[in-house]
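Some notes on the structure that comes next.
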Amino acid sequence: MEHQLYIYNTLTRKKERFIPIHEPNVGMYVCGPTVYGDPHLGHARPAITFDILFRYLKYLGYKVRYVRNVTDVGHLENDEDEGEDKIAKKARLDQLEPMEVAQYYYNSYRKAMELLNVLPPSIEPHASGHIMEQIEFTQKILDAGYAYESNGSVYFDVEKYNSDHHYGKLSGRDIDEMMETTRALDGQSEKRRSADFALWKKAAPEHIMRWKSPWSEGFPGWHIECSAMGTKYLGEEFDIHGGGMDLIFPHHECEIAQSKAALGKESVKYWMHNNMITINGQKMGKSLGNFITLGEFFTGGHALLTKAFSPMTIRFFILQAHYRSTVDFSSEALEASEKGLERLMEGYARLQNLKASEKSSIEIGNLREKCKEAMNDDLNTPIVISYLFESLRIINLVHDGKETISQEDLDELQSVFKLFIEDILGLQPAGTASEGIEAYRKAVDLLLNIRLEAKKNKDWTTSDKIRDELTSYGFEIKDTKDGFEWSL
RNA sequence: GGUACUUUGGCCGAGUGGCUAGGCGCCGGUCUGCAAAACCGUUUACGGCGGUUCGAAUCCGCCAAGUACCUCCA
């Protein structure tokens, strides 16, 4: 594949040329949601980040298998691996079946992702549907001698693993120091060391989510699902594993150790992590209680929001920052994005109706190549957007009749805008869904044509009445040099 | 305490050695019956102190402030 895509690999802390293991196939695994709460802005970031990567890899010609898991079991409330499963807890509180809770929030998550125009992954495996695979994976680790059974539970032996390999390579931790600094366990724990983590947990009598295993009736540890499902659908070695930066430790560190222990090899070639969204400089997170759900954004129903914001505004806002930077949320920043997006999309709509001339009076530049270069540089979407805005100026100048454009240049601009705005950035033109009704459009055109005549006759009363009435119904009327434009 | 990282103009946010990021806002102008839109122009940017260099927002050191991870979280 002819391209120069470089992506930042957390493992090496460098940008590396992307070369897949089995060209033209690419395997990509991204940590999805734990479905026990409403989807919030924090869920949108990785979904959009890796949606961009998914779209761009496909544009480059790869055949991508994109796996994004759904965690519906095994997520414990606290470490020490003594807590209660999140889904089960929520189910008990709401008096629902655990699977009912998971299904409800999973539906909610998918709906939000659809609104954000995030493409569905190739496979969305549920942890609860892969208990066998997780048991088998755990058995492999036991067989390899990197885990031990304790009172019906199975734990990963971090110290043993670290003596043969390097536990902490992804997060840059020194496990020996960690073991010294971590406080001593109380005598009750089944774990030999606090750094050890559960592969399988024996279920307490009151625990409602449970499965049979060689060790006990119980449930899998949190980290094992990704190793098991990633291996199942992408093979023992695959190209990209992504997720939020907060998962680097311990989740991804544990995954690396599990896979190496069970399979004897490195599973993942490129580790990619998106940064967090902050709110007043602090991470937006469920546990901090400062998160805003996506539903609240779409309706404006949150104290921190001055108004509702469309899904495309949220998407655009996120894409205006590089995925490895934190992005600080504020209503003011979102409003700025909203206006910018509106102007960009109006220009994009205008571009479709631009009239070509003999020749161009203005250089359109090599927009296509520049945008590709920006994408190739670790998916630099803010730069792509800045180039689009620069070209927007040309579109508007031609639209105003101040510059001319040749058919060839016009075709190129239309093609590049379509490619980057719709196909790669995934920004949907507003109102495309409601655009279908031809008669309605003609009716509005008719009204505005009547207004145009009134204007010619200097009948300002009639012309203003038409404009003001339409405006009050929610239409936006813009006069142009020789006519009008409108949108709803 | 350990690890990773951040600090850019009114706000958001790119940028790793020299050349305009971009968006939003503000102000002035063009256009217009008015308005909106559009266009043009303007707006004291690189936390502080040193160092390297012909040249640093960009490299190095120290200091300051802040964030994340080290317990669930995207």
Side-chain angles (χ1 to χ4, degrees), chain A residues 10 13 30-34 36-37 39-50 75-83 86 168 170-174 177-178 180-182 194-195 222 242-251 253 273-278 281-288 291 316-317 320-322 324-330 332-344 346-347 350 374 377 380-390 392-393 395-397 399-403 455 458-460 463-464 467-468 471 476-481 484-485 487:
Chain A
T10 309
R13 309 206 180 267
V30 174
C31 289
T34 301
Y36 70 109
H40 58 86
L41 195 56
H43 290 107
R45 189 137 200 224
I48 290 172
T49 298
F50 293 103
H75 228 160
L76 297 161
E77 274 294 298
N78 57 53
D79 186 25
E80 304 312 310
D81 289 339
E82 309 287 353
K86 277 186 174 170
L170 184 67
S171 54
R173 280 177 167 75
D174 183 341
E177 271 179 33
M178 275 177 64
E180 281 167 25
T181 52
T182 316
S194 62
W222 172 35
M245 271 186 187
D246 50 343
L247 297 178
I248 292 174
F249 191 91
H251 185 53
E253 203 72 77
H273 294 93
N274 62 274
N275 214 319
M276 304 290 105
I277 284 176
T278 60
Q282 201 185 23
K283 188 176 89 163
M284 180 181 291
K286 183 155 294 183
S287 55
L288 297 167
F291 70 99
F316 187 66
F317 173 68
Q320 271 187 306
H322 188 261
R324 284 191 291 113
S325 298
T326 56
V327 55
D328 197 47
F329 156 82
S330 71
E332 194 190 2
L334 264 179
E335 279 181 50
S337 284
E338 181 180 51
K339 284 180 187 161
L341 176 64
E342 197 178 327
R343 199 159 74 83
L344 182 65
E346 272 176 23
R350 227 166 245 171
D377 184 15
N380 202 328
T381 54
I383 293 291
V384 172
I385 291 170
S386 80
Y387 290 149
L388 293 174
F389 272 108
E390 283 175 7
L392 181 63
R393 218 182 117 254
I395 293 169
N396 286 328
L397 284 170
H399 176 259
D400 268 15
K402 289 174 182 160
E403 301 282 358
K455 279 175 68 179
K458 298 202 191 303
D459 178 2
W460 310 128
S463 93
D464 284 356
R467 182 180 66 193
D468 295 346
T471 302
E476 195 178 2
I477 313 299
K478 288 173 190 170
D479 286 356
T480 60
K481 216 176 173 69
F484 54 81
E485 288 176 349
S487 58

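Every chain is numbered from 1, with letters handed out A, B, ... down the list of sequences. Excluded from the calculations below are hydrogen atoms, water molecules and symmetry mates; all remaining heavy atoms, backbone and side chain alike, are included.
Under the rule for a side chain to side chain contact (heavy atoms under 4.5 Å, CB included), the partners of A:Ser325 that lie at least two apart in sequence or sit in another chain are A:His322. For A:Tyr387, the ring-ring contact (aromatic ring centres under 6.0 Å, His included) criterion is met by no residue, not counting sequence neighbours. Looking at residues two or more places apart in sequence or on another chain, you find a side chain to side chain contact (heavy atoms under 4.5 Å, CB included) between A:Glu346 and A:Glu342, A:Arg350, A:Glu476, A:Lys478. In terms of the side-chain hydrogen bond (donor to acceptor under 3.5 Å, both in side chains) criterion, residue partners of A:His273 (sequence neighbours excluded) are, by chain and number, A:Thr10, A:His252. Residues passing the side-chain hydrogen bond (donor to acceptor under 3.5 Å, both in side chains) test with A:Asp400: none are found, sequence neighbours excluded. A:Lys455 meets the side chain to side chain contact (heavy atoms under 4.5 Å, CB included) test with A:Arg451, A:Trp460, A:Ser463, A:Asp479; sequence neighbours excluded. Judged as a side-chain hydrogen bond (donor to acceptor under 3.5 Å, both in side chains), and not counting sequence neighbours, the contacts of A:Glu335 are A:Thr306. Not counting sequence neighbours, A:His399 has no partner by the ring-ring contact (aromatic ring centres under 6.0 Å, His included) test. Evaluation of the side chain to side chain contact (heavy atoms under 4.5 Å, CB included) rule for A:Asp328 yields A:Thr278 as partners, not counting sequence neighbours.
Relative ring orientation between A:Phe317 and A:Phe329 is described as perpendicular, the plane-to-plane angle rising above 60° on a 0-90° scale split at 30° and 60°.
Proximity of A:Phe389 to A:Leu344: side-chain heavy atoms (C-beta onward) are separated by under 4.5 Å at one or more points.
The side chain of A:Ile383 has B:A21 as its nearest neighbour among B:A21, B:C12, B:G23. With distances taken from any side-chain atom of A:Asp464 to the nucleotides B:C24, B:C12, B:G33, the minimum falls on B:G33. Taking only side-chain atoms of A:Arg393, from C-beta outward, the nucleotide of B:C40, B:A38, B:C11 with the closest atom is B:C40.
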What are the atom names and distances for every N/O pair under 3.5 Å that joins the protein to nucleotides 66-69 of chain B?
unit_1: B:C69; atom_1: OP1; unit_2: A:Lys283; atom_2: NZ; d: 2.3
unit_1: B:C69; atom_1: O2'; unit_2: A:Arg173; atom_2: NH2; d: 3.3
unit_1: B:C69; atom_1: O2; unit_2: A:Arg173; atom_2: NH2; d: 2.9

Table of protein N/O atoms under 3.5 Å from nucleotides 26-32 of chain B N/O atoms:
none

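Between the NZ atom of A:Lys478 and the P atom of B:A37 there is a distance of 8 Å, given to the nearest Å. When the P atom of B:C11 is taken as reference, atom CZ of A:Phe317 falls 15 Å away, rounded to whole Å.
Taking only side-chain nitrogens and oxygens, A:Ser386 never comes nearer than 4.0 Å to OP1 or OP2 of B:G23. Here A:Asn380 reaches the OP1 or OP2 of B:G15: one of its side-chain N or O atoms lies under 4.0 Å away.
Looking at heavy-atom distances under 4.0 Å, A:Leu341 makes no contact with the nucleic acid at all. Among the protein residues, A:Arg324 comes within range of no part of the nucleic acid, since none of its heavy atoms lies under 4.0 Å from any strand.
Between the side chain of A:Arg467 and the base of B:A35, at least one donor-acceptor pair of N or O atoms lies under 3.5 Å. Within 3.5 Å, no donor on the side chain of A:Ser325 pairs with an acceptor on the base of B:G13, nor the reverse.
Nearest-nucleotide assignment on RNA chain B puts the 5′-proximal partner with A:Asp377, out of A:Asp377 and A:Glu390. Mapping A:Leu397 and A:His322 onto RNA chain B via the closest heavy atom, the residue that lands nearer the 5' end is A:His322.
The gap from the C1' atom of B:G33 to that of B:G13 amounts to 41 Å, rounded to the nearest Å. Nucleotides B:U6 and B:C12 have their C1' atoms positioned 16 Å apart, rounded to a whole Å. Straight-line distance between the C1' atoms of B:A45 and B:G15: roughly 12 Å, to the nearest whole Å. Across the P atoms, B:C69 and B:G10 are found 31 Å apart, a figure rounded to whole Å.
The backbone N or O of A:Ser171 lies less than 3.5 Å from a partner atom in the side chain of A:Glu253, making a donor-acceptor pair.
Where stacking is scored as ring centres under 5.5 Å apart with planes under 30°, A:Trp460 registers as stacked on the base of B:G33.
For RNA chain B, the stems formed by at least three consecutive Watson-Crick or G-U pairs, with both atom-pair distances below 3.5 Å, span B:1-7 with B:64-70, B:10-12 with B:22-24, B:27-30 with B:38-41, B:47-51 with B:59-63.
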